[in-house]
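These notes concern the structure reproduced below.
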Amino acid sequence: ILTKQCKFILAGVSILLSLVVGINIGVIVYNRKSKSLTIEIQAYKILENNPLIDGHNDLAILIRENFQNKTNDLDLYNMAQYHLVEYTPSPTDITRLRQRQVGGQVYFCFHVLITLKTLYCSINFEYSDVFQLAKTAEEVRQAFNAKRIVSLLNIGGGQAIEGSFSILRLFYQMVDLSHVSTQTTIDPLNIRQSPVIFSHSAAYSLCNHTRNVQDDVLELVIAQELQKTIKP
């Protein structure tokens, strides 16, 4: 049977242990939070001086299929408010692009190119304080330094140019080999005269999917010292 004095001692020890454990847990949580915040702040600092480019964006196709290419009454600051046909809420709007410090978007044109190019130009004109269309690396730097989000166009397949090479010649021919077969990737690598990139492909060995890039192709790309942007 514990004496009254022993009970007081045990109570005191319990309180002391609780305080020690509580303080240690608090310090661990604080350190983790501080470290996390520090990493986040460092990331934002990096993005202030280096443009983060999204390699694939279907915004124009979304607007074409849901709003018939009409942007006059479209609020690009809050695209999540709209109910879209066969789409989840749009992941792209100005508010979120600014919050995440996105420096640029590569917009894909899968359908009639001239129509989609006109749409992109319209968006860049209506929101000229936010977006800027760029065709060269220097124009990308200029737009980024002016705190605008860079707009880049990517032709998605021969149907987009309606089989017309005259339309293709209007664009700078950097060849994007994302999401094509292995042989389709190798063929242009063997004859290429323009830069080749993978704008939105993962490595096949890390993500086993036929649309991703095989290791031997990556080795060929590295051997040729080509530009590449492989997302994790």
Considering residues at least two apart in sequence or located in another chain, which fulfil the side-chain hydrogen bond (donor to acceptor under 3.5 Å, both in side chains) criterion with [X]?
X	value
R211	H179
T184	S181
E219	none
T95	none

Under the salt bridge (charged side-chain N to carboxylate O under 4.0 Å, His left out) test, which residues partner E138, sequence neighbours left out?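 Counting only residues at least two positions away or on another chain, E138 forms a salt bridge (charged side-chain N to carboxylate O under 4.0 Å, His left out) with R141.
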
Looking at residues at least two apart in the chain, or sitting in another chain, which of them share a salt bridge (charged side-chain N to carboxylate O under 4.0 Å, His left out) with D54? none

Tell me every residue that passes side chain to side chain contact (heavy atoms under 4.5 Å, CB included) with [X], counting only those two or more places apart in sequence or in another chain.
X	result
E48	K45, Q101
F67	L62, I63, L74, M79, Y82, L84
V102	L97, R100, Q105
P188	L177

Mind checking who shares a hydrophobic cluster with L47, ILVMFWY linked at side-chain heavy-atom distances under 4.5 Å? L52

Should side-chain heavy atoms under 4.5 Å link Ile, Leu, Val, Met, Phe, Trp and Tyr, which residues sit in the same cluster as F125? none

Between [X] and [Y], is there a donor-acceptor pair closer than 3.5 Å when you use the side chain of the first and the backbone of the second?
X	Y	result
S178	H200	yes
N124	Q132	yes
N212	A203	no

same_hphob_cluster([X], [Y]) at 4.5 Å side-chain heavy-atom cutoff:
X	Y	answer
L153	V130	yes
I123	Y77	yes
F144	L152	no
Y204	L218	no

Establish, from distance only, whether the side-chain atoms of E126 and S122 form a donor-acceptor pair under 3.5 Å.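 A donor-acceptor contact under 3.5 Å links the two side chains.
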
